[in-house]
Amino acid sequence: MAEDIPKFRYDAALANDIETRWQARWEAEQSFRQPNPGEPGFQAERPKYYCLDMFPYPSGAGLHVGHPEGYTATDILSRYKRMRGFNVLHPMGWDAFGLPAEQYAIQTGVHPALTTKKAIDNFRRQLKRFGFSYDWSRELGTIDPDYYGHTQWIFVQIYEAWFDVQQQKGRPISELIAELESGTRAAQFNPDAAEVGHEDKRKVFAWSALSKREQRAIIDSYRLAYLAQQTVNWCPKLGTVLANEEVIDGRSERGGFPVFRRPLKQWLFRITAYGQRLIKGLEGLDWPDATRAKQTNWIGHSVGAEVSFELAQPLGEQQDLYVFTTRPDTLFGATYMVVAPEHPLVSAVLQAPRPETDVSALQVYVSKARNRSDLDRQQDKTKTGVFTGVYARNPVNGEHIPVWVADYVLMGYGTGAIMAVPAHDERDHEFALAFGLPIREVVKPASGSVEGCFSDDGIAINSASSVVSIDGLPTPEAKAKITAWLEQQKLGKKKHNTRLRDWLFSRQRYWGEPFPIVYDADGDHHPVKKFPVELPELADYQPEESDEPRPLLAKAQAWVHTTAGAAGVEGLPADAKVTRETNTMPGWAGSCWYYLRYADPRDASEPISREADRYWLGDGVDLYMGGAEHAVLHLLYARFWHQILHDLGHVSAPEPFKKLFHQGMILNFAYERADKTLVPIDEVDAVEGEPVERATGQRVTQIVTKMSKSLRNVINPDDVIADYGADTFRLYEMYMGPLEASKPWNTRDIAGLQRFLQRAWRLVIDESTGQPKLSDAEDPQLERQLHRAIAKVQGDIERIAFNTAIAALIGFVNAGTSAAGLTRSQAERFARVLAPFAPHVAEELWQRLGMDGLVSLAAWPSYDDAQLHDATVEVPVQIMGKVRHRLQVPAELDAAGLEKLALADPKVQELLAGKSVRKVVVVPGKLVNIVAN
RNA sequence: GCGAGGAUGGCGGAAUGGCAGACGCGCCGGACUUAGGAUCCGGUACCGCAAGGUGUGCAGGUUCAAGUCCUGUUCCUCGCACCA
C-alpha cells in the first residue's frame, strides 16, 4: 500500500526527530547556562528571576506524569522571562538521601549508593527529554559529599546558636556565654526548654560557682540543636524513630508500619522557639491561603497561663504540678487534675505510693498506655484513667483536688498535665461524667442559658475566695486579672504555647548525612569543624528489627572511633579519643537549603557566597513550584533553617520563598462497582457508551482517583513522548485545566494538542518540501488577531494561566488556517510566542524561517494596544436584562451616542412599543440595557 | 469537631458584576478519498418545527444587570484532629 503521508508532516516521528536534535544543540551550546555575577557573560543590567522546582526524590520507578506538570509550568515561566530579558536561575537537582532508597536497597540487596545513582541517571535522562531549560551546570545531589558537608556545617551553626526571646532572634551561642559569664543574664536553665524539668528551671545559680559540666548543661538548654531524652515515635519495622510529621494515624508515613512511643536520647531542633516567627513570617508572602493556614494551624500558637499547683505532700523532689491552660479564668472550676501517663509524677508516685494509690491499677494503666500504639490511642476516644492517690492544692481557693492519670492528656503538649474544668471543657466534662467527679460551673453565658458543657467566653461566677475574686468579669478581663494575680503571687505566668513540638532530627538508619558531632571520654558532645564528615562505606546496611534502637553506623567501628585531631574537633587535645555520633540526619535535611546552593553550587568554602545570596536570593526565590503535600513539612523546616541562617547573618532575605504555587495532582479515571469497590481500567469495556465490567457484564461508574498500580491506570511519560513527542506532552498537561487544580488524565484529549501543533506547523511549513510557505500580503484582521494572541498569552503567563494561553494560541492558528496565510513577520512572531510552551517545534520553525540563533533566546514579541480592538463592535441591546437585539457600532462611540443610537433603532422601538423607558444603562463598547415597562 | 477549597454541556474546562459555555475532546453532517482511526469544512447547552422559552448544586437577597457579591443550605474533596 502506497504511503502518501507528506515527508514533512508533523507527526510523532518528526516530533521526536526535531526534539532530540534541538535538545542536543541546547546541550552542546549550553544555551541555558546562567552565569553568576562576576562570571564571564554575566549581564548585570538585567533583572533576575529565580524560578525553582521542588527537586525530585529519584525513585527506581522513574518520573510519573505529576513531575512534568510542575516542571513544564516553571519551564514556560523561565523561558518567557528569559525572552523578556531576565537573568533566569532555573536549576534542578536530586533529593537522594532517605528512607525509600534505603528500603529499596534492602529489598533488592543492591547498595543504595548504586540504586540511587541509577535512579538519578534515569531521572536526568527523562527530564532532558522534555526539553526543560535547566542550567544543568548547577545540578546537585544531597548525597554529594561536597553538598552534605555544607549541610553538616549548617547543623553546626544551628548547634552553636540560641534563640533570644526578647529580640525574637537567633544569636551565636558565644554571645549567650558572654552574657552568662558577665552576669548580665541570670544563670538559669532556658525557661522554654522542653527537655528541662520545672524544678530545675526554678533554680538560679551563681555562674562562677558552677562546674564546667553544670555550665554546659545550662548552655545546652539554650542551643537550637540539642540532645535530649525524649519520648519518640519508634517504628520497629523501619528500625528508626520518626518525626511527628512522619507519623500519620499512628503509622509511618513511609510503609504504613505501626509506631510506638518510647524514651530515647535524640538530637532535636528547638523549632518551637521560632513558632511565632514562623507564623509572622507568612504574612508578607505570596503563598496560597490554604498553605498559610495549614502552617499556622500546624504551629498552633495559643496564649494562656502556666499555673503551679502545690502538691498536698511533696513527692520526692517534686513539690508542684505545673499546668498550661488557655482558660485561667476557670481556675475556680478546677475540680481535679490529670497528668499524662508519661508524666514524671507517675513514676514518682509509683516509687512512693500514697495511702489511696492503687499501685497495680496505676502500673497496668501506664504500661498499657505506653505499649499502645498511637493508632490505638487515637482510634479509641472513650475516656480512661486512674486516680494516682495524689492531691494538689488549687492556688485560688486552697482546695485539695485529686490528681488522675489519663491518656487523653498528651505529654507532648504544654506541661503534660492539666487542671480539669469539667463544666467548661468537653473532654474534662466527659471524663468527669465517666468517673463521677464533681462539675462546678464558673462561667455563665452573657445571655441565655446552655445545656451541658459551656466552653465559650461568658461571665465569671462562683469565682471568689478570700485571696482573689473575678466574679462578674467577662472572660477576657477575668483571664487578665487572674493571670496578673498569679504572676504577683509567683504562682504562674502568662505563657505562649505551640502545638508544634521540637523537631526530632536523629535517625538510626544508614542512608543519611552523618552528624558532625563526636563524644569525648566523659560522654560530652563536641562539634566537628572539618567537613564533610563522610558517610562510611557499609556493606551490611540491613537494619535489625528490634525494640531497642541500634543505629546502623555503629557497625562502622573504624569510623566511629577516632581522635579529636583526626575528626577536626576544637578545644580537645588532638590525641583525645572520641567516638562519632552514629545517628544520621533525616531525609528532610538536604532539602532544607538546596535552593541556596543552586545560586552558588561549586563554592567549596561556604554554602553560598554573600554575592550570590544577595543577587539571587536578596528578596527570596521569585517562584517556588511544587506539590501541596509539602505544605507543612518541607516548607516549614526549610523556613526554619532559613530564618536561623538569616538571623546569624548568612543569608539576606528573612524568608526563602517569596511566591509559592502548588500544581494540582494529576489523577486518572477508574471504575467503581455498585458496592463501591474499584475495577482496574483495563477490565472495563464500553457497551453502547456505558462502562461495563468485562468479567461480570455489570454496569460500573466512572470516577476520578489517584493513579495506582492496582488500578492499572498509571501513565508512563516515556510512552506518551514516544507516541506524541515532548512538545505535545507539555502542551497537553498545561492545557488540562488550571495548573492548581487536580484533574484527570485523558489520553484521548492529547490528540487535540498534537493536531494543534500539526496545524501550526502546516500554517508555516509546506509539508511536502519542508520549506516555509508564506504570504506576501498581510491580512489586517489576522494581524490584529496576532497582537491579541500575544497580549493574551503574555498576560496569562504572568498569572500562571497556561490553559487559556494555549487556547489563545490555538485560536490564532485556527484563524490563520482559514486566512490566506502568515507573512514572514507573523510567522516569526508566532514562533516566539509558541516557544515557551513547545520549544522544540518553535526552534524548528524559527530555523526553517531562516532566523538566526535560537528562538529560545530571542526577544519576546511586542504588541500594539491599538491593534487589540476592532474599529466596529457588536453591542447587545438588552431590555430588562435580556438580550433582544444587536447593533454594529464604532468601537469608540461614547455612552450618549450609543444610547441615542439604540433608542433610535427601529427594532428596538418595535420592542419598546407600549412601554415607557424608565432608565437606560450604557457601558460604552459593551452593552445597552433599557429598563422599561 | 476545627481549618481550607470546590459544584458550569456527554467529558476536560472558559468567563475584570456586563452577550454563560472560549478552547480542546467526543459526537453529528459534508468534502477529499479504492479506503479512513489521516486531513479539511460546517454544526453541536437543554426544550421547541418555529417564534420563543429555560438554564452555572439548592433556597432566598442585593443590583438596571449575578456563574461571579451577600445570607442560609446540600453534597463532594483535601488538611488537622483528645492540643488543655
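We name chains A, B, ... by the order of the sequence lines, and we start the count at 1 in each one.
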Duplex segments of RNA chain B, taken as runs of at least three Watson-Crick or G-U pairs that stay under 3.5 Å: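 Only these stems qualify: B:1-7 with B:74-80, B:10-12 with B:23-25, B:26-31 with B:39-44, B:45-47 with B:52-54, B:57-61 with B:69-73.
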Closest to side chain of Gln758(A), choosing from rU39(B), rA14(B), rC40(B):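 Closest nucleotide to the Gln758(A) side chain: rU39(B).
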May I ask you to verify if any side-chain N or O of [X] is less than 4.0 angstrom from the OP1 or OP2 atom of [N]?
{"X": "Tyr735(A)", "N": "rG24(B)", "result": "no"}
{"X": "Asn746(A)", "N": "rG13(B)", "result": "no"}
{"X": "Lys919(A)", "N": "rC64(B)", "result": "yes"}
{"X": "Ser302(A)", "N": "rA84(B)", "result": "yes"}
{"X": "Arg499(A)", "N": "rA81(B)", "result": "yes"}
{"X": "Asn803(A)", "N": "rA14(B)", "result": "yes"}
{"X": "Arg762(A)", "N": "rC40(B)", "result": "yes"}
{"X": "Arg759(A)", "N": "rC41(B)", "result": "no"}

Shortest non-hydrogen contact from Ile76(A) toward Arg730(A):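 Where Ile76(A) meets Arg730(A) most closely, the heavy atoms are CG1-NH2, 4.4 Å.
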Those residues of residues 661-669 of chain A lying under 4.0 Å from RNA chain B by at least one heavy atom: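 Within residues 661-669 of chain A, no residue comes under 4.0 Å of RNA chain B.
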Touch class at under 4.0 angstrom, heavy-atom based, for Pro738(A) against every strand present: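 The answer is sugar-phosphate, as Pro738(A) gets under 4.0 Å only of primed atoms, P, OP1 or OP2.
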Distance in angstrom units between Lys743(A) NZ and rG12(B) P, rounded: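 Rounding to the nearest Å, NZ of Lys743(A) and P of rG12(B) are 13 Å apart.
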Whole angstrom value for the distance that separates C1' of rU16(B) from NZ of Lys926(A):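 Lys926(A) atom NZ is separated from rU16(B) atom C1' by 9 Å.
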Side-chain donor/acceptor of Asn929(A) to base of rC64(B), under 3.5 Å: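 Between rC64(B) and Asn929(A), which were checked side chain against base, a qualifying N/O pair under 3.5 Å is present.
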